[in-house]
Colleague: 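I have a structure here, written as structure tokens, and I will follow up with some questions on it.
By convention in this document, chain letters (A, B, ...) are assigned in the order of the sequence lines, proteins followed by strands, and residues within each chain are numbered from 1.
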Amino acid sequence: MQQDYQPRNIEAAAQQHWDNTQAFRAAEQSDKPKYYCLSMFPYPSGKLHMGHVRNYTIGDVLSRYHRMKGFNVMQPMGWDAFGLPAENAALANNVPPAAWTYSNIDYMKKQLKSLGLGVDWSREVTTCTPAYYRWEQWLFTRLFKKGIIYKKTSSVNWDPEDQTVLANEQVIDGRGWRSGALVEKRDIPMYFFRITQYAEELLADLDQLDGWPEQVKTMQRNWIGKSYGCDVHFPYDKASIGSEGVLKVYTTRPDTLMGVTYVAVAAEHPLATQAAAQKPELAAFIAECKRGGTAEADIATMEKKGMDTGLFVTHPLNGEKLPVWVANYVLMGYGEGAVMAVPAHDERDFEFAQKYELPIKQSIAVKEQSFSNAAWQDWYADKEHGICVNSGKYDGLDFQAAFDAISSDLQSKSLGQKRTQFRLRDWGISRQRYWGCPIPIIHCTQCGDVPVPEDQLPVVLPEQVTITGTGSPLAKMPEFFECACPKCGSKARRETDTMDTFVESSWYYARYTSPDCTTSMVDERAKQWLPVDQYIGGIEHAILHLLYARFFHKLMRDEGLVQGDEPFKNLLTQGMVIAPTFYREQEGSKKLWINPAEVDVKTDERGRPVGATLLADGQPVIIGGTEKMSKSKNNGVDPQAIIDEFGADTARLFMMFAAPPEQSLEWSDSGVEGSFRFLKRVWKATHDHVEQGVVPAYQRGELSAAAKALRLQLHQTIQKVDDDLGRRKTFNTAIAANMELLNALGKFDEQTPYARTVAQEVLEAIALMLNPIVPHLSHALWAGLRPADDLLAQPFPKVDASALVQDEIEIVLQVNGKLRGSLTVAKTADKATLEQLALAHEAVQKHLAGAVPKKIIVVPGRLINIVA
RNA sequence: GCCGGGGUGAUGGAAUUGGUAGACGUGCCGGACUCAAAAUCCGGUGCCAGAAAUGGCGUGGGGGUUCAAUUCCCCCCCCCGGCACCA
């Protein structure tokens with residue numbers, strides 16, 4: 001072994017060895033159980049960021065650990081290559097999105113390889129290639145014929161100046177990001193996946209997912225949002241509306257129906273349109289409602305506004321006339337575009353009624369609570385304890401009884417019925433963008449929307465285009481959209497919208513099993529590898545991506561392509577990588593963000609930061625918060641710089657040590673140096689041992705007390721690390737346990753032949769236990785400790801139960817719950833002996849001060865608490 | 001606004017099933033080595049009082065359950081993720 005730890009050499013050598021032996025090629029033929037380990041594939045944005053390093057290191061640790069535990073591991077990698085940033089880059093730098101994307105992939109692939117991931121690169125998948133997306137188009141045409149995909153109109157953010165649709169993130173304070181024009185909502189035709197048809201199953205199957213975090217399942221349940229409620233029809237008041245008809249609403253609180261004092265409709269609702277024709281001020285208000293974006297967060301937080309239409313509907317049960325209002329918080333796209341308002345028992349309606357002086361009518365009472373129109377109280381919305389009041393024949397009924405009575409009365413009048421509903425909406429996938437998968441539809445004036453026949457797939461996205469930022473690029477390319485109708489042969493127009501990029505990422509996990517299949521979306525190998533045993537990715541994907549992928553799995557299952565109901569058996573959601581921010585105030589209250597690498601932080605005598613200066617000019621900078629690494633806050637640390645300076649193993653070790661995977665991870669330069677120091681110490685300890693000659697690892701024989709204690713700690717550590725890597729997935733504590741073990745070895749200085757076999761045993765175990773985390777280092781350590789063996793063939797170390805046997809244990813003594821001392825006792829000591837010893841203990845006597853113990857609690861093997 | 005998560009020394013975090021709060025790392029203080037510095041190694045380090053022994057306090061704030069609460073329950077404050085066209 002080299003005397004010094006030289007990561008550059010050993011990492012290159014280890015990677016070369018893995019390449020030469022095709023070590024991570026996943027084979028279908030194997031007598032071992034399979035383990036499919038998948039990290040969310042990256043968007044090729046340019047270069048690797050710390051979030052990627054964290055994600056892929058976690059995946060690699062689990063992959064290598066499972067390999068050592070005897071699994072046939074498959075860990076693939078690919079590229080989520082379609083998306084908006086490529087078009088933005090094209091606008092900024094005048095490079096075609098395809099060229100930009102492919103060159104980013106080249107660079108990032110080199111970076112990923114330098115991390116030493118045990119990836120089977122032969123399975124690489126790139127979503128922007130026709131080889132990949134043709135199968136997405138193929139599935140689309142199948143689903144279209146089945147009716148799972150349909151067309152309807154939907155609202156988008158419209159930039160009237162650039163004449164283009166904007167993504168939510170491109171709308172900043174209600175204006176287009178490039179033009180600065182006020183954004184408005186516009187209804188356009190789009191294709192939808194009928195995900196609501198699978199809502200019930202998507203909800204129910206969450207119960208199968210024992211390996212998913214409870215929080216993610218809860219978020220998905222709430223997102224799907226199954227509710228039990230009632231359709232209610234309010235007959236039109238013929239005098240004001242002038243025609244027959246009903247206004248339909250859905251409510252989860254039919255028990256409050258007798259408290260309805262008005263109804264509210266969306267700006268686009270037919271009744272609103274009708275009323276606006278007579279009332280210019282209403283028309284103006286409707287126009288105002290159409291301003292602004294479509295994001296739900298904006299709609300939910302904006303000021304609630306409304307206007308009376310002057311129209312009326314009648315209450316379905318008591319025939320009362322109720323005014324129809326237009327309100328900006330009611331959206332046409334959701335449900336019927338109308339809601340019934342019960343100001344007394346809904347907080348939003350309450351505010352609205354107060355603002356516009358609409359009547360508030362109590363219809364629910366809770367015992368010992370008194371109702372007042374003046375201020376909202378939380379009990380007004382209480383379903384559990386309320387009973388009906390001011391509700392005629394329903395007075396005195398509780399929630400469920402009123403629900404049943406009112407809905408059955410509505411049904412007998414044909415003015416409504418019970419219905420369960422989902423909050424989940426169908427998935428609109430049309431995008432008026434260039435860099436995405438073309439939607440395989442041809443529009444024919446005779447035949448309508450015709451799916452592209454299988455033998456004409458794929459519809460290839462042209463790669464030579466000019467992106468202008470206005471309009472849709474494909475819609476300006478006749479060579480793309482001019483075509484013949486596959487049915488009647490007459491001149492037709494190809495669809496120029498592309499698909500939501502969430503579609504590609506909804507099935508890539510399946511494609512990895514059969515990446516080279518040219519005859520189908522996936523082949524029989526999918527049945528062998530799926531489901532994914534471990535999926536790893538950011539918590540920000542908890543709802544959309546994971547729900548869409550689950551949905552796609554069911555769609556593919558129903559097409560006979562895959563088996564099983566769920567794609568991902570176990571899920572690990574990793575936290576963000578965060579770093580301190582620094583800035584200077586500039587004119588116009590703009591902040592100039594300064595990279596942490598360019599800043600010197602001053603601390604007081606206890607290490608607390610007291611100020612910071614810019615290295616370049618020595619002048620102060622302001623210390624900001626610790627936030628997610630991002631370009632906008634300029635607080636990113638380039639992983640490449642860390643790999644170049646310390647090596648990939650240090651980067652990997654720090655990432656795994658600084659926090660458990662699910663928490664956010666704070667970047668720390670000195671923490672990185674600490675990780676590097678630890679690797680140097682492991683290297684030195686192994687080197688110094690090997691220099692004196694390698695020996696066989698300890699097997700059996702008499703040992704000194706110190707050697708016995710070291711072996712006890714060793715095997716306790718193996719037990720803990722095995723559990724930490726396997727069950728708990730807390731890599732930070734696994735590393736800490738190895739650090740403690742190395743510290744203990746450092747204090748063990750016996751040089752007898754037997755002692756050296758114990759040292760060999762410890763060093764071999766450390767090399768193996770650290771292997772999943774710092775595989776290059778372990779590869780080199782192993783070459784020194786066991787020159788004849790390849791580390792890749794080694795199993796995870798096994799616990800020697802005989803080393804764990806302890807004769808004496810420590811018991812903690814408490815008096816009234818406070819720690820007062822401890823006892824070392826024989827492990828076999830019984831309860832009576834323990835109580836006796838505890839009462840006799842000096843510190844216990846002192847704190848009892850003669851008082852008679854009322855109770856003695858003995859927790860075997862842990863503590864004794866004497867209550868006086 | 002709605003849904004989900006989090007808050008522990010100077011600092012990142014540990015405490016796995018209600019049972020010794022602060023493992024391990026960083027920083028800081030002291031020492032060894034050195035002409036000196038860096039690197040390395042050794043020791044100390046929750047806060048308050050005390051020379052010490054020791055005692056009290058302490059897991060965002062307030063209350064509760066329990067022999068015992070970072071852990072369970074209720075209320076409040078702050079921070080973060082998602083909200084359907086960022087990925």
Colleague: For Leu742(A) and Ala685(A), work out which heavy atoms get closest and say how close.
Modeller: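 That closest heavy-atom pairing would be CD1-CB, 3.9 Å.
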Colleague: Would you mind classifying the nucleic acid contact of Ser45(A) as base, sugar-phosphate or nothing, using non-hydrogen atoms under 4.0 angstrom?
Modeller: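 No contact.
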Colleague: So, is Lys628(A) near the phosphate of rG82(B), with a side-chain N or O under 4.0 Å from OP1 or OP2?
Modeller: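 Negative; the distance criterion is not met.
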Colleague: Between rC78(B) and rC73(B), how far is it from one P atom to the other, in whole Å?
Modeller: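 Straight-line distance between the two P atoms is 22 Å.
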Colleague: Just the rounded figure in Å: distance from C1' of rC83(B) to CG of Leu331(A).
Modeller: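 Computing the Leu331(A):CG to rC83(B):C1' distance gives 13 Å.
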Colleague: Tell me if the side-chain of Lys720(A) makes a donor-acceptor pair with the base of rU16(B), cut-off 3.5 Å, by modelled atom types.
Modeller: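 Check passes, donor-acceptor contact within cut-off.
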Colleague: Looking only at side-chain atoms of Ile539(A), point me to the closest of rG81(B), rC24(B), rC57(B).
Modeller: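 Selected nucleotide: rG81(B).
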Colleague: Given the C1' atoms of rA21(B) and rG46(B), what is the spacing between them in whole Å?
Modeller: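 Nearest-Å result for rA21(B) against rG46(B) at atom C1': 10 Å.
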Colleague: Starting the side chain at C-beta, find the nucleotide from rG25(B), rA14(B), rU40(B) nearest to Met739(A).
Modeller: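 Selected nucleotide (nearest to the side chain): rG25(B).
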Colleague: Rounded to the nearest 0.5 Å, what separation is found between the CD1 atom of Ile195(A) and the CZ atom of Arg425(A)?
Modeller: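 So the gap between those two atoms works out to 11.5 Å.
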Colleague: Looking at the side chain of Phe502(A), which of rG27(B), rA87(B), rG4(B) is the nearest nucleotide?
Modeller: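 Taking heavy atoms from C-beta onward, the closest nucleotide is rA87(B).
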Colleague: Could you check whether the side chain of Arg727(A) and the base of rU16(B) have a donor-acceptor pair of N or O atoms closer than 3.5 Å, going by distance alone?
Modeller: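 Such a pair exists between side chain and base.
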Colleague: Nearest heavy-atom pair of Thr127(A) and Ala81(A): which atoms, and what distance?
Modeller: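 Nearest pair, atom of Thr127(A) first, then Ala81(A): OG1-N, 2.8 Å.
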Colleague: Would you mind telling me which of rG55(B), rU26(B), rA84(B) lies closest to the side-chain atoms of Arg423(A)?
Modeller: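 Selected nucleotide (nearest to the side chain): rA84(B).
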Colleague: Please check if the number of heavy atoms outside Lys226(A) that lie under 6.0 Å from its NZ is greater than 12.
Modeller: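 Yes - once you tally the heavy atoms of other residues, nucleotides and ligands closer than 6.0 Å, there are more than 12.
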Colleague: Would you say His545(A) reaches rA84(B)'s phosphate, i.e. side-chain N/O to OP1/OP2 under 4.0 Å?
Modeller: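 No, because none of the side-chain N or O atoms of His545(A) sits under 4.0 Å from OP1 or OP2 of rA84(B).
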Colleague: Give the rounded distance in Å between these two atoms: CE of Met629(A) and C1' of rG12(B).
Modeller: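 Atom CE in Met629(A) sits about 13 Å away from atom C1' in rG12(B).
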Colleague: Can you tell me how far C1' of rG19(B) sits from NZ of Lys818(A), to the nearest Å?
Modeller: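 Taking atom C1' of rG19(B) as the reference, NZ of Lys818(A) is at 16 Å.
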Colleague: For the residue pair Phe193(A) and Tyr548(A), is the inter-centroid distance of their aromatic rings smaller than 6.0 Å?
Modeller: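 No.
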Colleague: For the residue pair Thr164(A) and Arg178(A), confirm or rule out a side-chain donor-acceptor distance under 3.5 Å.
Modeller: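 Short answer, no.
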Colleague: Side-chain N or O of Thr501(A) less than 4.0 angstrom from OP1 or OP2 on rA87(B)?
Modeller: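 So the side-chain polar atoms of Thr501(A) do come within 4.0 Å of the phosphate oxygens OP1 or OP2 of rA87(B), strictly under.
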Colleague: OP1 or OP2 of rA15(B) versus the side-chain N and O atoms of Arg728(A): is any pair under 4.0 Å?
Modeller: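 So the side chain of Arg728(A) is within the cut-off, an N or O lying under 4.0 Å from OP1 or OP2 of rA15(B).
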Colleague: Could you work out which one of rG19(B), rU20(B), rC85(B) sits closest to the side chain of Val812(A)?
Modeller: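 Output: rU20(B).
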Colleague: To the side chain of Thr733(A), which of rC3(B), rC67(B), rA14(B) is closest?
Modeller: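 That would be rA14(B).
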Colleague: Using the C1' atom on both, measure rA53(B) against rA68(B) and round to a whole Å.
Modeller: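 Each nucleotide's C1' atom is 27 Å from the other's.
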Colleague: Using a cut-off of strictly less than 4.0 Å, decide whether Asn743(A) has a side-chain nitrogen or oxygen near OP1 or OP2 of rG25(B).
Modeller: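 Asn743(A) to rG25(B) OP1/OP2: side-chain N or O found under 4.0 Å.
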Colleague: Using 30° and 60° as the class boundaries, would you call the ring planes of Phe654(A) and Trp667(A) parallel, tilted or perpendicular?
Modeller: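 Correct class here is perpendicular.
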Colleague: Establish, with yes or no, whether the OP1 or OP2 oxygen of rG25(B) is under 4.0 angstrom from a side-chain nitrogen or oxygen of Asn732(A).
Modeller: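 So the side chain of Asn732(A) is outside the cut-off, no N or O lying under 4.0 Å from OP1 or OP2 of rG25(B).
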Colleague: So, is rG56(B) syn or anti if syn means the angle is within 90° of 0?
Modeller: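 For rG56(B), whose glycosidic angle is more than 90° from 0, the conformation is anti.
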Colleague: For the pair Glu214(A) and Lys217(A), find out whether any cationic side-chain nitrogen is under 4.0 Å from an anionic carboxylate oxygen.
Modeller: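 Here Glu214(A) pairs with Lys217(A) in a salt bridge, since their nearest N and O are under 4.0 Å apart.
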Colleague: What nucleotide among rA87(B), rC85(B), rG25(B) has an atom nearest to a side-chain atom of Leu544(A)?
Modeller: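 My answer, after comparing the listed nucleotides, is rA87(B).
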Colleague: Quick one: which of rA87(B), rU26(B), rG12(B) gets closest to the side chain of Phe657(A)?
Modeller: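 The answer is rG12(B), which lies nearest to the side chain.
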Colleague: Has the side chain of Gln814(A) got a donor or acceptor atom sitting under 3.5 Å from an opposite partner on the base of rC67(B)?
Modeller: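 Side chain to base: no pair present.
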Colleague: Roughly how far apart, to the nearest Å, are rU54(B) and rC74(B) at atom C1'?
Modeller: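 It comes out at 38 Å once rounded to the nearest Å.
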Colleague: What interatomic distance, in whole Å, is found between C1' of rA51(B) and the corresponding atom of rU66(B)?
Modeller: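 Those two atoms are separated by 40 Å.
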Colleague: Looking at the side chain of Met190(A), which of rG55(B), rC85(B), rA84(B) is the nearest nucleotide?
Modeller: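 Selected nucleotide: rC85(B).
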Colleague: In what stems does RNA chain B take part, counting only runs of at least 3 consecutive Watson-Crick or G-U pairs whose two distances fall under 3.5 Å?
Modeller: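 Consecutive-pair runs (3 or more) involving RNA chain B: B:1-7 with B:77-83, B:10-12 with B:24-26, B:27-32 with B:40-45, B:46-49 with B:54-57, B:60-64 with B:72-76.
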Colleague: Give one of base, sugar-phosphate or nothing for Met576(A), where a contact means two heavy atoms less than 4.0 Å apart.
Modeller: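 Here Met576(A) touches the backbone only, sparing every base.
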Colleague: Does CG in Asp173(A) sit with more than 12 non-hydrogen atoms of other residues, nucleotides or ligands closer than 6.0 Å?
Modeller: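 Result for CG/Asp173(A): open.
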Colleague: Does Arg221(A) have a side-chain nitrogen or oxygen under 4.0 Å from the phosphate oxygens OP1 or OP2 of rG4(B)?
Modeller: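 False: Arg221(A) side-chain N/O out of range (4.0 Å or more) of rG4(B) OP1/OP2.
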Colleague: State whether Glu303(A) and Lys355(A) are salt-bridged, where the test is any N-O pair (Lys NZ or Arg NE/NH1/NH2 against Asp/Glu carboxylate O) under 4.0 Å.
Modeller: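 Answer for the salt bridge query: yes.
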Colleague: Between rC86(B) and rC77(B), how far apart are the C1' atoms? Round to whole Å, please.
Modeller: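 About 32 Å, rounded to a whole number of Å.
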Colleague: Is the count of non-hydrogen atoms from other residues, nucleotides or ligands lying under 6.0 Å from Lys47(A) atom NZ greater than 12?
Modeller: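 Incorrect, the count does not exceed 12.
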Colleague: Between the base of rC85(B) and the side chain of Asn168(A), is one N or O donor paired with an acceptor at under 3.5 angstrom?
Modeller: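 Answer is no: no donor-acceptor pair is held.
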Colleague: Rounded to whole angstrom, note down the C1' distance from rC35(B) over to rC29(B).
Modeller: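 Approximately 25 Å lies between the C1' atom of rC35(B) and that of rC29(B).
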Colleague: Rounded to the nearest angstrom, tell me the gap between atom NZ in Lys684(A) and atom P in rC41(B).
Modeller: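 That distance rounds to 8 Å.
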Colleague: Going by the angle between their ring planes, with limits at 30° and 60°, are Phe646(A) and Phe676(A) parallel, tilted or perpendicular?
Modeller: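 Perpendicular, since the angle between the ring planes exceeds 60°.
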Colleague: Specify the separation, in whole Å, of atom CD of Gln170(A) and atom C1' of rA87(B).
Modeller: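 In whole Å, rA87(B) C1' lies 13 Å from Gln170(A) CD.
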Colleague: What is the distance from CD1 of Ile224(A) to C1' of rC2(B), rounded to the nearest Å?
Modeller: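 That distance rounds to 17 Å.
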Colleague: Looking only at side-chain N and O atoms, does Arg820(A) come under 4.0 Å of OP1 or OP2 in rG55(B)?
Modeller: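 Result: yes.
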Colleague: Measure from the side-chain heavy atoms of Leu819(A) and tell me the nearest of rC24(B), rA84(B), rU20(B).
Modeller: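 Nearest listed nucleotide: rU20(B).
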Colleague: Expressed in whole Å, how much space separates the C1' atoms belonging to rC41(B) and rC47(B)?
Modeller: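 Result for the C1' pair: 31 Å, nearest Å.
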Colleague: Classify the nucleic acid contact of Ala658(A) as base, sugar-phosphate or nothing, counting any heavy atom under 4.0 Å across all strands shown.
Modeller: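 Sugar-phosphate: the residue Ala658(A), judged by heavy atoms under 4.0 Å, touches backbone atoms but no base.
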Colleague: If you assign each of Val156(A) and Thr730(A) to its closest nucleotide in RNA chain B, which residue comes earlier from the 5' end?
Modeller: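 Nearer the 5' end of the strand: Thr730(A).
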Colleague: How is Glu540(A) classified with respect to the nucleic acid when contacts are heavy atoms under 4.0 Å: base, sugar-phosphate, or nothing?
Modeller: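 Base contact.
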Colleague: What's the CD-P distance between Gln663(A) and rG81(B), to the nearest Å?
Modeller: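 To the nearest whole Å, that distance equals 15 Å.
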Colleague: Go nucleotide by nucleotide along RNA chain B from the 5' end; which of Leu665(A) and Asp723(A) gets its closest nucleotide reached first?
Modeller: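 Comparing both residues, the 5'-ward one is Leu665(A).
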Colleague: Nearest whole angstrom, please: distance from the C1' of rC86(B) to the CD of Glu504(A).
Modeller: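 The distance from CD of Glu504(A) to C1' of rC86(B) comes to 14 Å, rounded to the nearest Å.
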